[in-house]
Amino acid sequence: MTAKLIKGTEIQKEILEEIGKEVKEIKEKHNVVPGLVTILVGESPASISYVTLKIKTANALGFKEIQENQPDDISEADLLALIDKYNKDESINGILVQLPLPKHIDDKKVLNAIDPDKDVDGFHPVNVGRLMIGGSEVKFPPCTPYGIQEMIVRAGVETKGAEVVVVGRSNIVGKPIANMMVQKGRGANATVTIVHTGTQDLASHCKRADILIVAAGVPELVKPEWIKPGSCVIDVGVNRVGEKISEKTGKKIAILKGDVDFDKAKEIAGYITPVPGGVGPMTITMLMLNTLKSLKFKLGISS
Ligand code: GUN
């Protein structure tokens with residue numbers, strides 16, 4: 001059997017079209033557009049490339065976009081003051097501080113300084129709490145897990161009563177996706193297990209997963225024989241395992257591998273996400289959706 005590919009690039013296109021349409025409608029009715037500020041500290045090539053994509057996507061959707069590029073040696077106090085400025089700015093609905101931050105800055109302090117009602121990353125403890133409570137309490141699910149859930153729903157995979165196994169317990173992916181899948185409601189109502197580096201027998205848990213979500217950051221950790229035939233495999237791993245010359249541009253590019261042995265896994269699973277082009281594009285997409293939602297909350301428009 002060859003698995004059905006769940007392509008993030010295609011689902012992204014669908015969702016961005018839906019967002020673009022809503023932005024136009026809101027602009028016509030309320031004469032306002034979603035406002036997003038992206039704060040980048042330093043010059044890490046990976047962070048620059050992520051932020052550039054976020055800015056490009058926001059602009060293409062007709063958002064107001066403010067780019068705050070700050071030097072590596074910005075003081076924590078100055079960064080906090082910058083966040084305070086945008087907390088008070090009525091035209092801004094979303095504040096994104098690209099992580100990681102330099103070592104001299106306490107990232108918890110920075111994330112906690114963002115107004116929870118502008119925290120479109122969903123990392124503020126208030127939003128983590130809202131996610132835990134579930135239902136109508138939830139404002140901004142963190143973007144990567146939000147994207148994963150949307151991919152599963154749009155692929156038509158049944159989640160109600162499904163055995164979901166999450167590999168990895170990070171605050172950005174593992175813990176929130178497990179929390180989301182266990183709630184009542186759309187794309188959830190599943191039986192969820194989180195496995196991690198302390199788990200005794202990873203394989204035995206993975207083998208019973210109807211939906212296997214892998215966010216471990218270990219190239220090809222999940223072996224083909226761990227995959228339940230016909231199951232849905234979501235690979236969140238983006239591991240740089242080397243470099244090659246791009247046939248298209250002639251430039252050096254990273255060779256990326258997921259956390260799952262894709263070539264073999266696709267012969268066993270029913271659904272699978274590729275790397276790249278799977279979960280990756282969904283993170284930016286859901287950031288845009290959260291920013292739109294933030295404006296809608298402010299205007300009192302329900303979805
Ligand atoms: N760095 C890597 N992923 C993310 C993300 O989802 N949000 C932010 N703010 N920084 C990141």
Side-chain angles (χ1 to χ4, degrees), residues 8 12 15 35-58 63 65-70 72 74 76 79-80 82-83 86-87 92-103 105-128 131 139-151 168-177 179-180 213-217 234-240 254 256 258-259 275-276 278-294:
Q12 175 184 49
I15 299 176
L36 174 69
V37 58
T38 49
I39 303 176
L40 171 67
V41 179
E43 291 176 0
S44 138
S47 289
I48 290 174
S49 98
Y50 287 135
V51 169
T52 305
L53 260 179
K54 289 170 187 177
I55 293 166
K56 233 174 102 182
T57 313
F63 285 18
E65 216 291 326
I66 298 179
Q67 226 174 308
E68 281 286 358
N69 293 348
Q70 296 296 326
D72 203 27
I74 186 175
E76 190 178 275
L79 185 56
L80 292 172
L82 194 63
I83 290 169
Y86 289 109
N87 279 342
I92 291 299
N93 307 104
I95 301 172
L96 176 126
V97 180
Q98 186 65 28
L99 301 173
L101 289 168
K103 287 211 165 57
I105 295 176
D106 179 350
D107 52 4
K108 270 197 207 118
K109 225 178 184 176
V110 169
L111 295 179
N112 292 2
I114 297 172
D115 177 348
D117 290 344
K118 296 190 179 187
D119 169 38
V120 285
D121 251 332
F123 293 161
H124 191 287
V126 166
N127 284 316
V128 176
L131 194 78
K139 281 207 152 183
F140 306 118
C143 303
T144 303
Y146 197 8
I148 292 170
Q149 191 179 41
E150 202 54 40
M151 291 177 101
R169 55 179 157 185
S170 70
N171 288 328
I172 292 185
V173 186
K175 281 191 250 179
I177 190 63
N179 185 24
M180 289 162 74
I213 300 170
V214 194
I234 307 287
D235 189 351
V236 191
V238 183
N239 305 292
R240 289 165 195 254
L256 300 178
D259 289 352
V275 177
V279 175
M282 295 301 292
T283 302
I284 290 175
T285 307
M286 304 321 266
L287 176 73
M288 301 301 137
L289 186 60
N290 273 345
T291 308
L292 169 65
K293 276 168 64 181
S294 178

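Sequential numbering from 1 along the given sequence is applied to the chain's residues. As the structure lists them, so they are numbered: ligands from 1, and atoms in each ligand from 1.
No side-chain heavy atom of Leu101 sits under 4.5 Å from any side-chain heavy atom of Glu76. Annotation: side chain of Ser294 is not in contact with side chain of Asp117 (no heavy-atom distance under 4.5 Å).
A side-chain donor-acceptor contact under 3.5 Å links Asn290 to the backbone of Val120. Side chain of Asp115 to main chain of Asn87: no donor-acceptor pair is present (N/O by atom type, distance under 3.5 Å, no hydrogens or angles).
Residues Glu68 and Gln70 have side chains that bring a donor and an acceptor to within less than 3.5 angstrom of each other.
Of the options Gln98, Glu65, Gln67, a side-chain hydrogen bond (donor to acceptor under 3.5 Å, both in side chains) to Thr38 is made by Glu65 and by none of the others.
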Output block, N or O contacts of ligand 1, threshold 3.5 Å exclusive:
residue: ligand 1; atom: 1 (N); partner: Gln98; partner atom: NE2; Å: 3.2
residue: ligand 1; atom: 1 (N); partner: Leu99; partner atom: O; Å: 3.0
residue: ligand 1; atom: 7 (N); partner: Asp121; partner atom: OD1; Å: 3.1
residue: ligand 1; atom: 7 (N); partner: Asp121; partner atom: OD2; Å: 3.3
residue: ligand 1; atom: 9 (N); partner: Val97; partner atom: O; Å: 2.8
residue: ligand 1; atom: 9 (N); partner: Asp121; partner atom: OD2; Å: 2.6
residue: ligand 1; atom: 10 (N); partner: Leu99; partner atom: N; Å: 3.0

